[in-house]
**Student:** 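Can you read through this structure? Questions will come right after.
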Number of protein chains: 2
Amino acid sequence: MNTPRNQETLARALRKAGLRPTRQRLSLAQCLFANGDRHVTAEALYAEAVAAGYPVSLATVYNTLHQFTGAGLLRQVMVDTNRSYFDSNTSDHHHYFHEETGELVDIPSHAVTVGDLPNMPEGAEVSRVEVVVRVHQRAS
Amino acid sequence: MNTPRNQETLARALRKAGLRPTRQRLSLAQCLFANGDRHVTAEALYAEAVAAGYPVSLATVYNTLHQFTGAGLLRQVMVDTNRSYFDSNTSDHHHYFHEETGELVDIPSHAVTVGDLPNMPEGAEVSRVEVVVRVHQRAS
DNA sequence: CAATAAATTTAGAGTGATTCTAAATTAAAG
DNA sequence: CTTTAATTTAGAATCACTCTAAATTTATTG
Ligand SMILES: [Mn+2]
Ligand SMILES: [Mn+2]
Ligand SMILES: [Zn+2]
Ligand SMILES: [Zn+2]
């Protein structure tokens, strides 16, 4: 985990990204960064914030998730066509995706080796390598 | 490419999967399998079929893509939250995803090595390993 | 080649996640 | 404090995708 711990550190990170440290953004940051790494959907984070008594709207949750992603505090993981997942662990790593439960679990990046990449598209530059290991429940 | 070449071969493959080789399914198969491997979205395939003068509805395109996927003739690639991509190459391989254009390009599977997978979820079994190399246009 | 049964196609309505709009609120600056 | 600009928000809108139910087509049977 390389994300800010307390309100002050986070507020500073937000300001540096040109984002005002508002009550909503600090509340959501609390949910996202206070207790280790998380993989959340917008709806799940919204439900959690509401349950915790934080005053936020769903629109703000979406706005905030995208702003945090733009600021490098979150990263988006593409595993499901119907839902966007956001990851509070922005360091280089990969994922298990449990097809039944929708749960994401980290895989350290050293477990995967990418060799020479053949037929790289002309004029293109690698921006990220994402490995998703889809798993399903073993037949009993 | 390990997919059927001509109408007859394909019709046989469809029958084996319990799917009647209808005009629509054969038309779409023509688009998908006649000229090498393809990566298409439902909308793109629909536009293409309509342009080629094949009579198909968008609903049928969606149905067919899913049926073909179920029959193992296509595979779905998750790279974009807003769109489903279908790949006519069902053999083991990976992808470049060009973030600006949305284009997918194959990477042979031997270019990527996945080592021991740590912290495999309890009782889970790997169903597929997907590697996506996101690329963007190099700054000029 | 009918006649019948079952699968398929389709237009259009419905869904659900996400985005947009425009008005109300709040944070920063003076 | 005022003023200004950013932020929040409810609700409308969008968009990919799915569903429904009626019309059509395919396969089967006599
Ligand atoms: Mn979730
Ligand atoms: Mn496409
Ligand atoms: Zn992660
Ligand atoms: Zn491919």
Side-chain angles (χ1 to χ4, degrees), chain A residues 7-8 10-31 39-50 52-71 73-74 76-86 102, chain B residues 7-8 10-31 39-50 52-71 73-74 76-86 102:
Chain A
Q7 303 278 111
E8 215 20 79
L10 183 84
R12 218 174 294 124
L14 290 183
R15 283 213 192 76
K16 203 162 80 176
L19 299 172
R20 292 181 178 174
T22 63
R23 180 162 39 265
Q24 289 83 341
R25 295 210 265 237
L26 290 169
S27 296
L28 294 174
Q30 185 73 9
C31 292
H39 302 100
V40 294
T41 63
E43 287 283 356
L45 181 59
Y46 174 62
E48 190 176 319
V50 167
Y54 298 140
V56 202
S57 72
L58 183 57
T60 296
V61 170
Y62 275 103
N63 289 340
T64 302
L65 285 171
H66 288 136
Q67 290 155 351
F68 281 14
T69 300
L73 297 169
L74 289 177
Q76 219 168 338
V77 186
M78 305 291 215
V79 281
D80 187 336
T81 332
N82 318 308
R83 255 168 178 54
S84 259
Y85 283 79
F86 293 84
Chain B
Q7 302 278 110
E8 214 21 77
L10 182 84
R12 217 173 296 124
L14 290 183
R15 282 211 192 78
K16 202 162 82 176
L19 298 172
R20 291 180 178 175
T22 63
R23 180 161 41 263
Q24 289 83 341
R25 296 210 265 237
L26 290 169
S27 296
L28 294 175
Q30 185 73 9
C31 292
H39 303 100
V40 294
T41 63
E43 287 283 357
L45 180 59
Y46 174 63
E48 190 177 319
V50 167
Y54 298 141
V56 201
S57 73
L58 184 57
T60 296
V61 171
Y62 276 103
N63 289 340
T64 302
L65 286 172
H66 288 135
Q67 290 154 354
F68 282 14
T69 301
L73 297 170
L74 289 178
Q76 220 169 337
V77 186
M78 305 290 221
V79 281
D80 187 335
T81 330
N82 314 309
R83 254 165 222 321
S84 258
Y85 283 80
F86 292 85

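The sequence lines fix the lettering, A, B, ..., with proteins before strands; numbering per chain opens at 1.
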**Student:** Within a strict 4.5 Å, meaning less than it, do heavy atoms of the A:Leu45 and A:Phe86 side chains meet?
**Tutor:** no
**Student:** Take nucleotides 11-29 of chain D nucleotide by nucleotide from the 5' end and write B, S or -, depending on whether a protein heavy atom sits under 4.0 Å from the base, only from the sugar-phosphate, or from neither.
**Tutor:** -----SBBB------BS--
**Student:** Figure out the OH/P separation between A:Tyr54 and D:dT9, and round it to whole Å.
**Tutor:** 15 Å
**Student:** Could you give the CG-to-P distance, from A:Leu19 to C:dA28, as a whole number of Å?
**Tutor:** 12 Å
**Student:** Could you tell me which residues satisfy side chain to side chain donor-acceptor pair (under 3.5 Å) with B:Gln24, sequence neighbours excluded, listed by chain and number?
**Tutor:** none
**Student:** Please name all residues satisfying side chain to side chain contact (heavy atoms under 4.5 Å, CB included) with B:Glu48, sequence neighbours left out, ordered by chain then number.
**Tutor:** B:Cys31, B:Arg38
**Student:** Rounded to whole angstroms, how far apart are OH on A:Tyr46 and P on C:dT18?
**Tutor:** 14 Å
**Student:** Just how far, in rounded Å, is C1' of C:dT10 from CG of B:Leu28?
**Tutor:** 14 Å
**Student:** Side chain of A:Arg25, backbone of A:Thr64: donor and acceptor closer than 3.5 Å?
**Tutor:** no
**Student:** Strictly distance-based, threshold 3.5 Å: is any side-chain N or O of A:Tyr46 a donor or acceptor partner for the main-chain N or O of A:Thr41?
**Tutor:** no
**Student:** Does B:Tyr54 use its side chain to pair, donor to acceptor, with the backbone of B:Arg23 at less than 3.5 Å?
**Tutor:** no
